[in-house]
Q: 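My questions will all concern the structure given below.
A quick note: this is a predicted structure, and the numbers were derived from the prediction, not measured. Throughout, protein chains are lettered first and strands after them, A, B, ... in sequence-line order, and every chain is numbered starting at 1.
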Amino acid sequence: MSGAPPPAIEVHDLTVSYHAKPVLWDIDVEIPAGQLVGVVGPNGAGKSTLLRAILGLVRPASGWVRIDGEPRRRGRHGCGYVPQRESVDWDFPVDVLDVVLMGTYGNLGWFRRPGRRERERAMHALEQVGMQDLARRQIAELSGGQQQRVFLARALAQDAPVYLMDEPFSGVDAATEAAIFEVLRTLRAAGRTVVVVHHDLQTVEEYFDHVLLLNLRLVAAGPIRDTFTRENLLATYGGRLTLLDEAAEAVRRGSVDTTAWRPPPDGAS
Amino acid sequence: MIPVEYNTAVVLLGTAALGLAAGSTGSLALLRGRALLSDALAHATLPGICLAFLLTGSRSHPALLLGALATGALGVVLVAALSRRGRIKEDAAIGAVLACFFGAGIALSGAIQRRSPDAAQAGLDGFLLGQPAGMLLSEALTIAGVAVATLLLVALLAKEWKLVCFDPDFAAIEGWPVRLLDLLLMLLITTTVVLALPAVGVVLAAAILIIPATAARLWVDRLVPMLILASSFGVLASVTGTLLSARFPALPTGPLIVLAAGCLFLISLLVSPRRGIVARATAERRRRRERERRRLLGTIFTEQEAAPESPVSEGALARRRVWGPGRLRAHLEDARRRGWIRWGPRGIELTDAGRQRAARIVRASRIWEQYLLSQAQIDRDLIDLDAEEIGHLLPPHLVAELERSLADRGLLPLGSEGSPA
Ligand SMILES: Nc1ncnc2c1ncn2[C@@H]1O[C@H](COP(=O)(O)OP(=O)(O)OP(=O)(O)O)[C@@H](O)[C@H]1O
Ligand SMILES: [Mg+2]
């Protein structure tokens, strides 16, 4: 074998369908280790489904996934996950620290309660996202951006080699966005692979090293410079030309515009 | 201690143990979104009870409860099958299964009644609304044993169930057998419901799982306290209902237990310190009154700022049209009692204490205003318009900057902290 490390995530021939309707079609991609990877595509493109298939939460019609060159394992060697915020009930009777501690359960195993070591790890994760002062806050009393950061802290507490995040930047203010991005960079510096579903085309180039353009099938994947091009974006976003041209224009300019362009919702074209 | 007869003591033991188990199990059922399902489960036990009676001809509890378990579980499996992959919405599936099974049960029990009226009267009717009065010591001890086992299991698996109830996807990724944990929880719910049948009956069995748990949730915000409180409520309701029905034998025990739980829930809804209706209304009223006070002081302060030489007249305040004349008078009187204003010879004057507070209020509101105007990105979580002290909410350098720009335009209230003496 050559010295090249195996890809962090290898997806082969992956097809996922809900009933008869395909949602992901024959996806074949390798995600290199130690990079920040953006997953971009219009609404309904299957971005969340791709993450969930990699995590083993949906059963593919065909194909397989490998993490670090091996079939997916769980717990200690599994994946860190930041789900979309809306996926849980925020009126659940737990506080912020409880949620972050859930990231340590995998290492803890059956029946054992989190102890001081776990609490320290959770507090450290909370510090990284700037939430240490809210550790004892009831989760129902958090703002959207704070909820997002709690999920991020829980993922950090998992201490996984690979992280998958579903729109961690959605609905957060600029300060939180900067804080989250800082955490992502720290993870990369520590050699972790971070895959992020992202909606804001304006910031893709700034944030990521590598990009997956997805719309049912994989339109393109590779380093930002070669892959995040106007043609590929056109192919990904299809007929939404005018809006897309604005985006492409922004991409070309390396825009500094602060009003983020977002793809239109499904069916807007 | 209230002296109780032996029979009542046995029933007390049984129902209290039932309440203990139902509180914890019910809390988990509630948090996993299984409250409605446990009701369907309870109703689905009726045909099983009738069939068991028809098959065995016996009225002994073990046989009938085994029948109950069978069709109850069948109902749950049916709901799961119907609602899998979103074929049918779960609540619709639950409604359909509940009604069909219960209907079948009623029809069966009608048929039994016609064939052997006395047997049915004694055995089956009790299962509809519960009839714990005839509980045997062995039955009470069985319930107590199951209750202890339930509590042990919940204590053992609290962490795992917490995770699965809060975020099942995350649990699955972390390698927890979500299905197994769910199945175990469903078994626990089923056992509790079936045990509750002789005491509170098919129709009300789910209530003693759901109501104490819902009431407990109103008081506490963490899982373990909720489990403990819900179990305590369960015991309290059971004991109350049982004692009442021992005192007034015409009243049936099962419904009284549920009614007692309902009263606990109602009381919780009214008076729980954070989520209770009274607490919320009081807090809101207090906030509003405090806001009015601040507004009055701020208004007097700005009036005086505009014309420092002349005291503020009540008429000038009335012209602001913020308060009707009666309210204004009441607010002014309140402020005077608190030592913030006094009636001078020509109108209203702020006392020293009043002036200081008013300056703080005006300063805070102007800084917030300035903050909203000047910042491109606003962290809403930081803003608290009721706060008179801003120092801990905004970074100090930002406050200093905002103050400077206010001072430049002569808008920084004199006499407030941080301003030039
Ligand atoms: N549980 C489900 N049952 C049926 N169809 C589903 C289900 N979940 C998703 N889909 C469909 O699969 C497609 C892809 O969904 P997915 O959530 O992966 O898209 P996405 O790229 O994450 O979209 P968004 O940008 O809106 O988050 C959509 O067309 C959606 O309607
Ligand atoms: Mg999505």
Q: Quick check on A:W90: does its CH2 atom have over 12 non-hydrogen neighbours (other residues, nucleotides or ligands) under 6.0 Å away?
A: yes
Q: Can you tell me how far OH of A:Y105 sits from NZ of B:K162, rounded to the nearest 0.5 angstrom?
A: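 Those atoms lie 3.5 Å apart.
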Q: Checking B:K159 against A:F111: charged group under 6.0 Å from the ring centre and within 45 degrees of the axis?
A: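 No; the conditions do not both hold, so B:K159 does not lie above the ring face of A:F111.
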Q: Can you tell me which portion of B:L157 sits under 4.5 Å from chain A's heavy atoms? Options are side chain, backbone, both or neither.
A: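 For B:L157, the contact with chain A is made by the side chain alone.
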Q: Could you check whether atom CZ of B:R275 has more than 12 heavy atoms from other residues, nucleotides or ligands sitting under 6.0 Å from it?
A: yes
Q: Give a yes or no on whether B:R84 atom CZ has more than 12 heavy-atom contacts from other residues, nucleotides or ligands under 6.0 Å away.
A: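 Not more than 12 within 6.0 Å, no.
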Q: Before you tell me yes or no, could you show the steps for A:D89 and B:R32 under salt bridge (Lys or Arg N to Asp or Glu O under 4.0 Å), namely the whole-Å CA-CA distance, both residues' side-chain angles and the distance that decides it to 0.1 Å?
A: CA-CA 10 Å; A:D89 169 19; B:R32 189 71 182 100; over 6 Å; no
Q: Under a 4.5 Å cut-off applied to non-hydrogen side-chain atoms, are A:Y81 and B:D167 in contact?
A: no
Q: Calculate, to the nearest 0.5 Å, the distance between atoms CG and CD belonging to A:L55 and B:E174 respectively.
A: 10.5 Å
Q: Given the rule in the side chain to side chain contact (heavy atoms under 4.5 Å, CB included) test, do B:R222 and A:D98 qualify, once you have shown the distances and angles that lead to the verdict?
A: CA-CA 9 Å; B:R222 306 280 305 279; A:D98 285 333; 2.8 Å; yes
Q: Could you give the distance from CE (A:M102) to CZ (B:F166), rounded to the nearest 0.5 Å?
A: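 Going from the CE atom of A:M102 to the CZ atom of B:F166 covers 5.5 Å.
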Q: Who passes salt bridge (charged side-chain N to carboxylate O under 4.0 Å, His left out) against B:D169, sequence neighbours left out?
A: A:R52
Q: Tell me whether B:R291 at atom CZ has more than 12 heavy atoms from other residues, nucleotides or ligands lying less than 6.0 Å away.
A: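 Atom CZ in B:R291 is crowded, with more than 12 foreign heavy atoms closer than 6.0 Å.
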Q: Return the CG to CG distance between A:D91 and B:L31, rounded to the nearest 0.5 Å.
A: 10.0 Å
Q: Under the salt bridge (charged side-chain N to carboxylate O under 4.0 Å, His left out) test, which residues partner A:R113, sequence neighbours left out?
A: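 Applying salt bridge (charged side-chain N to carboxylate O under 4.0 Å, His left out) to A:R113 gives none.
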Q: What part of B:L181 lies closer than 4.5 angstrom to a heavy atom of chain A: side chain, backbone, both or neither?
A: side chain
Q: So, taking the atom named CG in A:L51 and the one named CD1 in B:I173, what distance separates them when rounded to the nearest 0.5 Å?
A: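 Reported value, rounded in 0.5 Å steps: 9.5 Å.
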Q: When heavy-atom pairs shorter than 4.5 Å are enumerated against chain A, which of B:P225, B:G33, B:P168, B:C165 gives the highest number?
A: B:C165
Q: Would you mind checking which part of A:L101 comes under 4.5 Å of any heavy atom in chain B, side chain (CB onward), backbone (N, CA, C, O), both or neither?
A: neither
Q: Under 4.5 Å between any side-chain heavy atoms of B:M226 and A:P93, yes or no?
A: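 Yes. Closest side-chain heavy atoms under 4.5 Å.
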